Amino acid sequence: LVLSGCGSSSKSSSSASSTKSTSQSTVQQIKKRGTIRIAVFGDLPPYGWVNKQGQRVGYDLTLARQIAKDLKVKPKFVQVNANNRVDALNSNKVDLVLANFTVTPERKQVVDFASPYMKVSVGVVSPKSQPITKASQLQGKNLIVTKGTTAENYFTSKQPNVKLLKFDSKTQQFNALKNNRGVALADDNSYLYAWVKDQPKYTVGIKSIGPKQYIAPAVKKGNKSLLNWTNKEVTSLNNKGFFDKDYNSQLKPYFGKEVKPSDIVIK
Amino acid sequence: MAHSGINVLFEGRNLIRLFGGLWTTVEIAAVALVLGLILGVVLGVLRTFPSRLLRFVLRLYLEFFRIIPTVVLLFLFYYILPKQMGVNLPANQVATLVFALWTAAEMSDIVRGALISVPKHQRESGMAIGLSRWQLYRYVLIPQAVSLELPATINLVTRVIKTTSLLMLISVMDVINVGQQVVEANNQKYPTGVFWVYGIIFVMYFVIDYPLSWWAKRMDKKRLERANG
Amino acid sequence: MSSWQIIQQSLPLFEKGFVLTLWLSLIGIIGSIIVGLICSLLKYFQVPVLGKIAAIYVEISRNTPLLVQLFFLYYAFPVFGFKLNAEMCGIVGLIFLGGSYMAEGFNGGFDGVSKTQVETGKAIGLSRLQLARYVVFPQGFTLSVPALAANMIFLIKETSIFTVIAIPELTNTALDLIGMYYRSNEYLFMLVVGYAIILIPLSIILTILEKRVRYGSFGN
Amino acid sequence: MAKEIVKVEHLEKFYQKRHVLHDINFSVNEGEVVALLGPSGSGKSTLIRCLNGLEPYQQGEVTFNGEKIVPTEKNWQKIRQKIGMVFQSYDLFPNLTVLDNILLGPVKVQHQSKEAATASAEKLLDQVGLREYENAYPRQLSGGQKQRIAIVRALALNPELMLFDEVTASLDPEMVRGVLNIISNLAQDSNMTMIVVTHEMNFAQQIADRVLFLEDGKILEQTKGSQFFEQPQTDRAKAFLDSMDF
Amino acid sequence: MAKEIVKVEHLEKFYQKRHVLHDINFSVNEGEVVALLGPSGSGKSTLIRCLNGLEPYQQGEVTFNGEKIVPTEKNWQKIRQKIGMVFQSYDLFPNLTVLDNILLGPVKVQHQSKEAATASAEKLLDQVGLREYENAYPRQLSGGQKQRIAIVRALALNPELMLFDEVTASLDPEMVRGVLNIISNLAQDSNMTMIVVTHEMNFAQQIADRVLFLEDGKILEQTKGSQFFEQPQTDRAKAFLDSMDF
Ligand SMILES: Nc1ncnc2c1ncn2[C@@H]1O[C@H](COP(=O)(O)OP(=O)(O)OP(=O)(O)O)[C@@H](O)[C@H]1O
Ligand SMILES: Nc1ncnc2c1ncn2[C@@H]1O[C@H](COP(=O)(O)OP(=O)(O)OP(=O)(O)O)[C@@H](O)[C@H]1O
Ligand SMILES: [Mg+2]
Ligand SMILES: [Mg+2]
């Protein structure tokens, strides 16, 4: 009752009529609109973050800009946290998610993933002084994760004895690790590598745990038009060697020696 | 270490960006307050009308916004409403809307309280010279209620401004979200930067809210003095 | 899965979050009342240095958001070696915030005791302490009950902000489940219900209590 | 026979279950001054408030100027323009200047032109000796001055009947006289019809053409003014009069 | 010569910059009843409040029972036990019963035993005819009853001096008499020393041994009671007396 009252008092009336049709943003509609709205991270170097000049940069951002360019529209970035990537699509806040979004069976049910553009698996980072190298060392201990990540999902379902400390953002989780609020932190291994490069006191003790996984762009469930377009786009970018270039410019400077391009980029 | 940490603020455009974030915060708060206060006055007046049904509905509205934490309201409006109702607004507008509706709810209670505490004989002397209900509100009750309610209103304003800190949870690039970006981007270079970034945000909020609180307090004190003769 | 099943499955988690929210609120409220009362007394008796400190604390606490206070406690202080666990941070933060609100509530009550009452007390020779004990405090507490009640509800709602420091209370639980299973409608519904279960009865009880207390001391 | 301004027949008034006015019957003729006397709680205020619809009544009828009043809020609102009322509490609107207080009725309710209304307001202010305060706010006035302005505000509507409810009760003793003087001038010189509730017995004696003595919501006696104070008909009225001077 | 209970010399009082009492000099002897009269705002309340230290004064001296008072809060607190004061507003503590209101002073301040204090409190309650209300709360009493209890509460401390500040001003006319009767009994039978501010002239005339007439913070005249009301020495006092009855 109250909700309906609120809804009608907003400026909805004008947009409501067109909502049914725009609840999916087809490629046509995006082109007509002239902008594509893309969900990205704002605090996850080197994938999606904001540099000190205030510019959004990173591996995902370069891809996002390329996609916009190929669509001949302007990109509009919406910063999200891991746990609202799905809602951002479903509530039609964005057309596309390029926020380190790992493909999982659960997620496949609620959004449509395009062809993947990156490989990952879950890694665990811990202080060098007290390294965690096996999952068994985590039993009964606090492990830091971000809400809505595959790391959280993996430990919740497969390692129920690990106590999870769940944060909203990447900033918060890394700060928490530095404050020793948990014995280790689990997240996608690739940017754990990046992170430890600048944090000599920490090491990625478990390089990979759980299944190998892929990161892919996601669109709202049923948005066939954009999905197909994106699939083609990823293939064509791959053919052009875009992802290698992206890797070299955005990721390489952040990664240590232990990471090879083939660990990340899908050939 | 602590010395170098403060420099995080002067790296690149960090400080300017923080102020930019603050501006977003202030802008949302300001628009929401203007809309919310006006709507609140109207609802507050309606809540003093005799119609039981009207009063009940408005009371329900108030309690809804009172009981549900603002965090939850923001999520409801940002993610659920679009799916259920087909209403879709960008984050800043959702934030403005939520804060406006919330402000209106709280304001309606303040206004109602002030209206019913205008002495009864004021209402009656208005009626005795033949004023209609609308005239009674327009010339007698609302002007008097406004001065009664001003301190409470200012306090509401400070609360709204403080609560804008929750905007970071729905993709609004407010000062705290920018702060997190800054912290993350400069983490390795300035390990103590987190202290300074959150420190300056702390100060920013204080600098905005403190003068308002002070003003409200002073007015309350004056009124108390007047009441005590 | 149907909504009903989703809700049923998440029930144990919400129950945990619910209990934690209640528990943290309770400690926070009690702590806030104690801190608030102390600050208010320091002000009332115009205790030299401490009174000033209390006044400064009240201003700082009242004019900054809890979220920022928590970030400070949880993320910024440990940089300098001062570390509390999340629950402690939450409680300390909540009490830091609530203390000033409660102090203002008590102050308002004490200031609200009419001047004639104070003078009458003086006129029969009561000392400052006796005046406080027999006149100002009993009446002042009564006058401050509505403000204290409003503060309690306010503080309970503020615990929702604990989500940012990873305390698995109600809001955190809901946001977490949404992040994992994407059933926002169901989980937010549970969240609203969770708060309603705490706040609606409490607000009714407090309203009744207010009337009782008021009647007890003033008869209207 | 003189014109009947107001007539009350079989009026009954309850506050919830409490019966506060019992079968009230009386009328007031044009130019007549009626004093309504009686102990505290006898129902004087309630009765006077029923006469301009500030209190609803449960039975009986009020006739104003020959017309039976159908007691709806709309009707009362019209009739109130013809009935001036002044209360015990200084009831000026604190948010308006003295002049604006006075003009509110004539300009907003009766839609007189602002100029005309101001001119007559200033004449009235002159009469009560407060012309110089027209731009002051009520808080800058003493209690006696406020009450005089309140009377002017009521008069500005050119009422056919004035109701006064203990208008001097919360005034300083020295201020009482100024206010009473104005009312008695009004009674004598302007020949205004009025109903006056007061506990200033000397004053009542001086101005009242007739006295209604109320107790427990009943009219115990209706006597000519001069007679009531010398030889009240009931013992209760006698006791009442005795108690009023120390 | 009779014993001087209180003596005021060259008292000057300011509210911020406002000079409200000018060079006040007078004394009150044991058993004497002094009426403090004067128009509103003349400083009566202020003066009486200076006498038990509720208002600080800027210059001059107050001597109580032969002892010069060094005006610190501590000293005043002791002296207040010997001075009873009753205000205009019914100032009972709403959170205490009638008896507890009365006992607060004797038991907590003067450390009398509860039994003894209760016994004398009940005697006093009998005298004012309110013994049956000892366990009632103030809200259950009428205004007149409350004022009588307030007087009892002041008397319970066995004061050497009583101060009354317009104690009947907010009472219903019919209730005034009961309260005034008690005060006049106190003056006549108990030979209590008192200073009374009132605007009930008949009452003042009846009880006052001496009248202090105040205007604009100055004592305009000090006259014997009987004389003041018949032939006041100053024109101002004459005008004042005239204004007091219509
Ligand atoms: N709003 C009300 N609700 C219930 N009872 C009321 C209300 N107003 C007045 N009464 C009661 O109605 C009776 C008449 O009251 P009213 O005020 O008319 O008396 P009054 O003669 O004007 O007394 P006073 O001289 O004290 O003004 C009293 O018993 C009073 O308690
Ligand atoms: N707290 C105060 N601050 C400033 N001025 C005051 C204060 N209290 C009283 N006054 C002023 O001091 C003067 C004396 O006031 P006081 O109350 O003593 O008069 P009063 O003779 O008792 O009058 P009343 O008969 O109305 O009670 C007045 O001009 C009054 O306005
Ligand atoms: Mg009355
Ligand atoms: Mg006085």
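Note that the structure is predicted; figures quoted are calculated from it, not measured.
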Can you tell me how far apart [atom1] ([X]) and [atom2] ([Y]) are? Round to the nearest 0.5 Å.
{"X": "N172(C)", "Y": "K147(A)", "atom1": "CG", "atom2": "NZ", "value": "3.5 Å"}
{"X": "N83(A)", "Y": "Y182(C)", "atom1": "CG", "atom2": "OH", "value": "10.0 Å"}
{"X": "Y181(C)", "Y": "Q109(A)", "atom1": "OH", "atom2": "CD", "value": "12.0 Å"}

Query raised in the report: Out of L175(C), T163(C), D176(C), which one racks up the most heavy-atom pairs below 4.5 Å with chain A?
Result: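 The residue among L175(C), T163(C), D176(C) with the greatest pair count is D176(C).
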**Report entry** Winner by heavy-atom pair count (cut-off under 4.5 Å) against chain A, out of P168(C), G179(C), A76(C)
**Finding:**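 Maximum pair count with chain A is reached by G179(C).
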Query - Residue-level contacts of residues 83-97 of chain C with chain A, using a heavy-atom cutoff under 4.5 Å - result: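 Within residues 83-97 of chain C, near chain A: K83(C), L84(C), N85(C), A86(C), C89(C).
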Flag the one option from [options] with the top tally of heavy-atom pairs under 4.5 Å to chain C.
{"options": "E106(A), R85(A), E152(A)", "answer": "E152(A)"}
{"options": "N180(A), T146(A), I144(A), T150(A)", "answer": "N180(A)"}
{"options": "N179(A), N175(A), V86(A)", "answer": "N179(A)"}

**Report entry** Neighbour count >12 (heavy atoms, 6.0 Å) for atom NZ, K16(C)
**Finding:**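 Not more than 12 within 6.0 Å, no.
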Query raised in the report: Taking everything shown except K201(A) itself, do over 12 heavy atoms lie less than 6.0 Å from its NZ?
Result: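 No, the 6.0 Å shell around NZ holds no more than 12 heavy atoms from other groups.
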Requested in this report: Please flag which part of Y74(C) lies under 4.5 Å from any non-hydrogen atom of chain A: side chain, backbone, both or neither.
Outcome: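 Both parts, backbone and side chain.
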Query raised in the report: What part of I167(C) gets closer than 4.5 Å to chain A, counting heavy atoms only: side chain, backbone, both or neither?
Result: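 Looking at I167(C), nothing touches chain A.
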Query raised in the report: Where does T156(A) contact chain C at under 4.5 Å (heavy atoms): side chain, backbone, both or neither?
Result: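 Side chain only.
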Query raised in the report: Are F71(C) and Q172(A) close enough that some pair of their side-chain heavy atoms sits under 4.5 Å apart?
Result: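 They are in side-chain contact.
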Query raised in the report: Looking at side-chain heavy atoms only, is the closest gap between V164(C) and D168(A) below 4.5 Å?
Result: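 Counting from C-beta outward, V164(C) and D168(A) do come under 4.5 Å.
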Report task. Considering non-hydrogen atoms only, spot the tightest contact between Y75(C) and A176(A) and give its length. Result ->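 Distance-wise, the nearest heavy atoms are CE2-N, 4.1 Å.
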